[in-house]
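To start, the structure under review is shown below, and the notes come after it.
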Amino acid sequence: MHPLITDNPGKKMLLLGNEAIVRGALEAGLAVAAAYPGTPSSEIGNNLFQLAGEPEARLYFEFSTNEKVAMEVAAAASAAGLRSLTCMKHVGMNVASDVLITLAYIGTKGGMVIVTADDPSMHSSQNEQDNRYYARLANLPMLEPAGPQEARDMTKAAFELSEELELPVIIRTTTRTSHVRGPVELGPLPVTKQTLGEFERTPGRWVPVPGVARVRHKVLLEQVEKAQKKAESSVFNRIGGSGKTGILASGVAACYVHDTIMELGCEERVSFLRLGFTYPQPRELLIEFLKSVDKVLVVEELEPFQEDTLKVLANEVKINIPILGKASGHFSRLYEFDPAMVKKAIADILGLETKGPKVPDLSRLPELPMRPPSLCQGCPHRETYNAVKGALDLLGYTPRTIYPTDIGCYTLGLLPPIQMADYLLCMGSSVGTSAGFSVATDQKIVSFIGDSTFFHSGISSLVNAVHNEHNFCLVVLDNSTTAMTGHQPNPGIKLSPPGYEKPRVPIEDVVKACGVKVVRKVNPYKKEATIEVFKEVLAEDRLSVVIAEAPCILYYKRVGGKG
Amino acid sequence: MMAFQRILFTGVGGQGTLLASRLLGETMMEEGFPVRVSEVHGMAQRGGVVESTVMLGGLEGPIISNGEADILVSFEPLETLRALPKCHEGTWIISNIIPIQPFTVRLGQSGYPDPGKWIAFIKQLFKNTVAFNAESLARQAGTTRAVNIVLLGALIGCGAIPVSPEHLKRNIKEKIKPKFVDANLKAFELGLAQVTK
């Protein structure tokens with residue numbers, strides 16, 4: 001049995017933040033979940049996927065083709081009265097944002113939780129956007145756990161809150177809360193839960209034509225006001241100490257503050273407000289906090305989200321004390337925090353000296369060779385890249401070729417010795433940007449997209465390319481899995497996880513149905529034949545798609561049977 | 001209450017750093033100590049650096065600032081050098097000495113520092129250094145994939161963490177696939193003996 005459905009109330013397990021979210025959702029009676037994988041959120045979907053295979057979990061889960069679809073699946077399940085969840089990495093929220101903002105208007109019925117996992121420092125992402133602004137943009141309640149126990153507690157509470165307010169609730173994590181393990185005390189799993197919903201047609205509710213939307217926007221603002229009252233008394237917002245120096249922190253930054261206070265032994269001198277229910281902000285609590293201290297240091301990663309709110313509030317109630325943080329230069333808006341940075345800022349405002357342990361002189365150390373990640377030995381993508389380069393060399397196009405790329409393992413084609421990745425925005429951008437380059441230049445364009453990314457957001461751009469007669473060669477690197485994020489299935493796969501029997505949607509059929517006239521399939525390990533195919537299609541000045549089909553070698557070894 | 005301790009595990013994707021830190025974390029939890037374990041996911045399978053931390057004594061923050069690692073367990077000598085700024089004078093350094101060349105070196109873009117010379121440098125600066133061929137011990141135990149458990153054994157052997165070898169061995173038996181348990185138990189013993197002999 002999957003360890004997350006062992007019903008051991010009171011028992012402690014060492015869970016990842018992401019696993020704790022899954023456990024919290026199971027304890028709350030989660031019935032339907034859908035997701036597109038993305039680091040650092042992936043283990044939530046992976047665990048739900050495994051759990052859905054076990055009858056005891058009484059759970060439907062799907063890997064949807066993208067985050068927008070996943071959020072729609074979860075939203076409709078909620079409208080039918082079931083408890084639902086969707087999870088994604090921060091940039092996935094951009095894809096789903098069209099759903100998110102109107103979903104806030106029409107609201108939910110069964111409790112619905114949306115997990116966004118942000119990635120400060122961009123450990124595995126293309127930007128470090130601060131998704132707390134989505135809570136403000138959409139007017140939705142948001143909870144931010146600082147550790148695994150809170151991740152479980154907040155997820156469970158989020159379902160209750162969602163049902164009370166008839167709004168989806170956002171759980172926002174970061175890499176350092178999603179990927180940290182800590183002891184989590186388990187609660188009971190529900191004995192019964194609703195797994196079959198019933199949608200009731202409600203005029204004026206679920207179809208936001210302007211007349212309905214105008215009413216629903218008003219309802220939304222009323223509900224947010226109720227949410228704010230909830231935040232005032234939330235157990236996730238708590239003040240420790242009664243010193244005159246105020247510190248406000250949330251997420252993993254609150255952990256660094258906690259550690260610093262312990263290490264400096266300055267408990268008596270500070271009032272530490274740990275904010276966990278972070279939007280809408282608890283107005284009265286914050287005003288009381290501002291009144292009780294001489295100054296406040298706001299410790300939050302990325303944007304001055306709480307800092308700015310606090311300043312507006314202080315101005316409103318005419319409290320004139322220093323509010324320190326980003327604007328004062330104590331912290332940067334860039335990258336994740338380092339504990340020493342937090343310690344220094346706190347020691348600084350308290351006028352304390354910090355003395356670290358003695359550090360030996362390391363100036364004699366040589367410059368160390370970097371160890372960037374690279375495509376695996378034997379990876380089929382390497383072969384495809386080499387074949388494309390070989391064909392372009394033979395045709396004399398190499399110096400003026402543009403390689404728009406996309407998101408997946410193959411983005412590593414950026415690095416030497418391949419260096420065939422020139423332009424990238426987001427999931428699916430290889431296709432749309434190829435169209436742009438083909439209009440703007442007379443350069444040869446060869447773009448790369450993976451199978452899962454193609455289904456995620458490549459198809460509509462390909463239809464666009466056919467209709468608007470764009471001229472480029474799109475290479476679909478079809479390795480039969482979503483390799484980068486840990487081998488999740490997608491609609492095109494030939495290799496399936498055990499027990500996964502769902503209809504296949506072959507990429508070749510989709511490409512042809514989009515209207516592409518030149519469609520070829522190659523086995524990249526057959527080097528000569530692959531180069532020949534690329535030579536043929538690249539010699540022509542018209543849209544072509546080459547599907548390079550060979551399984552991810554890591555995944556093949558795991559599920560395809562060895563050898 | 002036990003003192004704060006910050007343990008840094010570093011290695012290369014595929015070496016099993018995460019399993020080692022997780023085994024230690026679970027054992028500490030079962031001993032009743034507050035513990036946090038951080039993991040790096042994502043690029044781990046693609047041959048990049050993989051770091052994890054185990055934080056003891058009630059620390060909540062999952063990452064280690066420069067000069068603050070109390071123990072460094074390194075699976076690869078170049079990564080030991082890279083992690084030295086995290087260490088202080090009294091840091092226990094437990095390091096494998098067998099290099100895994102990054103592809104930047106294989107392509108001739110950069111040179112690999114001479115392990116012998118730089119291990120000597122480390123020993124000079126950090127008195128509590130234990131550097132040895134963990135790969136050969138793992139091979140002796142039955143599988144070179146048990147380098148992680150050899151190093152975990154050495155970590156327990158150095159006595160800096162309040163956990164009994166017996167408890168860790170019990171967890172190895174429970175949490176590692178049955179067919180690898182014997183080799184891993186032997187690997188653990190060999191690592192332990194490396195420090196306590």
Side-chain angles (χ1 to χ4, degrees), chain A residues 12-14 16 39-40 42-43 123-124 146-148 175-183 252 254-256 258-260 262-263 336-343 356-362 364-377 409 412 415-417 483-486 554, chain B residues 4 12-13 21-22 25-26 28-30 34-49 53 55 57-68 70 76 78-79 81-82 84-85 87-91 100-105 107 109-113 118 121 124-126:
Chain A
K12 280 190 177 168
M13 285 177 86
L14 192 74
L16 272 184
T39 313
S42 300
E43 298 76 20
H123 296 280
S124 44
T175 302
R176 302 297 181 180
T177 44
S178 275
H179 288 168
V180 165
R181 283 181 191 280
V252 74
C255 298
Y256 303 140
H258 165 270
D259 294 353
T260 297
M262 275 205 311
E263 278 201 275
E336 66 179 8
F337 285 173
D338 172 294
M341 206 185 269
V342 176
K343 198 189 293 179
K358 274 196 181 167
V359 181
D361 176 15
L362 297 174
R364 275 178 55 215
L365 269 186
E367 196 180 322
L368 302 175
M370 297 301 286
R371 196 186 292 276
S374 62
L375 292 172
C376 304
Q377 293 294 325
C409 294
L412 294 170
L415 301 172
M484 187 72 182
T485 47
L554 290 182
Chain B
F4 301 136
V12 178
S21 56
R22 188 175 163 184
E26 285 178 336
M28 295 309 291
M29 179 186 73
E30 289 160 13
V35 59
R36 288 255 164 120
V37 179
S38 88
E39 302 182 352
V40 174
H41 294 216
M43 297 291 226
Q45 279 176 320
R46 315 296 180 280
V49 181
T53 66
M55 312 293 269
L59 292 167
E60 290 186 2
I63 54 183
I64 299 177
S65 298
N66 280 351
E68 296 205 329
D70 300 301
E76 203 278 344
L78 171 60
E79 297 317 315
L81 291 174
R82 208 188 305 281
L84 287 183
C87 301
H88 56 76
E89 269 185 355
T91 302
I100 298 176
Q101 294 205 337
F103 77 86
T104 49
V105 171
L107 293 173
Q109 291 165 349
S110 48
Y112 193 100
W118 291 105
F121 169 81
Q124 209 174 31
L125 294 183
F126 300 90

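In what follows, chains are A, B, ... by sequence order, proteins preceding strands, each numbered from 1.
Here the straight-line distance linking atom CD of A:Q377 with atom CZ of B:F103 works out to 10.5 Å at 0.5 Å rounding. Note that CZ of B:R82 is 11.0 Å distant from CG of A:L365, once rounded to the nearest 0.5 Å. Within the model, atoms CZ of A:R371 and OG1 of B:T104 stand 8.0 Å from one another, a figure rounded to the nearest 0.5 Å. Rounding to the nearest 0.5 Å places CZ of A:F337 at 10.5 Å from CD1 of B:I63. Interatomic distance, A:L362 CG to B:F121 CZ, rounded to the nearest 0.5 Å: 5.5 Å. Within the model, atoms CD1 of B:I64 and CG of A:D338 stand 10.5 Å from one another, a figure rounded to the nearest 0.5 Å.
Looking only at heavy-atom pairs under 4.5 Å with chain B, the residue among A:P339, A:P416, A:P417, A:A146 that has the most is A:P339. Here B:S65 is the residue among B:G61, B:S65, B:S21 with the most heavy-atom pairs under 4.5 Å with chain A. Listed options A:P148, A:C409, A:P183 were ranked by heavy-atom pairs under 4.5 angstrom with chain B; first place goes to A:P183. Your options are A:P372, A:S42, A:G356, A:A254, and the one with the most heavy-atom pairs under 4.5 Å with chain B is A:P372. Comparing B:L107, B:T53, B:T91, B:L81 by heavy-atom pairs within less than 4.5 Å of chain A, the highest count is held by B:L81.
Inter-residue side-chain proximity for A:S374 and B:P102 is flagged as unmet; no heavy-atom pair is nearer than 4.5 Å. You'll find the side chain of A:K12 reaches within 4.5 Å of the side chain of B:M29, heavy atoms only. Side-chain atoms of A:D259 and B:M55, non-hydrogen and from C-beta on, never get closer than 4.5 Å to each other. By the 4.5 Å heavy-atom criterion applied to side chains, B:F4 and A:M262 are counted as neighbours.
When A:V180, A:T175, A:T177 are each tested for a side chain to side chain contact (heavy atoms under 4.5 Å, CB included) with B:P62, only one passes: A:V180.
With a threshold of 4.5 angstrom between heavy atoms, A:P366 approaches chain B through its backbone and through its side chain. With a threshold of 4.5 angstrom between heavy atoms, A:E367 does not approach chain B through any atom at all. With a 4.5 Å cut-off on non-hydrogen atoms, B:V35 touches chain A through its backbone and its side chain both. Within the 4.5 angstrom heavy-atom criterion, only side-chain atoms of B:Q109, from C-beta onward, approach chain A. Contact of B:L84 with chain A is made through backbone and side chain together, with heavy-atom distances under 4.5 Å.
At a threshold of 4.0 Å, the pair A:R176-B:E39 does not count as salt-bridged, since none of the basic side-chain nitrogens sits closer than that to a carboxylate oxygen.
Scanning both residues, A:P357 and B:G67, for their nearest heavy atoms gives CG-O, 3.4 Å.
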Could you walk me through whether A:L14 and B:M28 pass side-chain contact (heavy atoms from CB on, under 4.5 Å), step by step? CA-CA 10 Å; A:L14 192 74; B:M28 295 309 291; over 6 Å; no

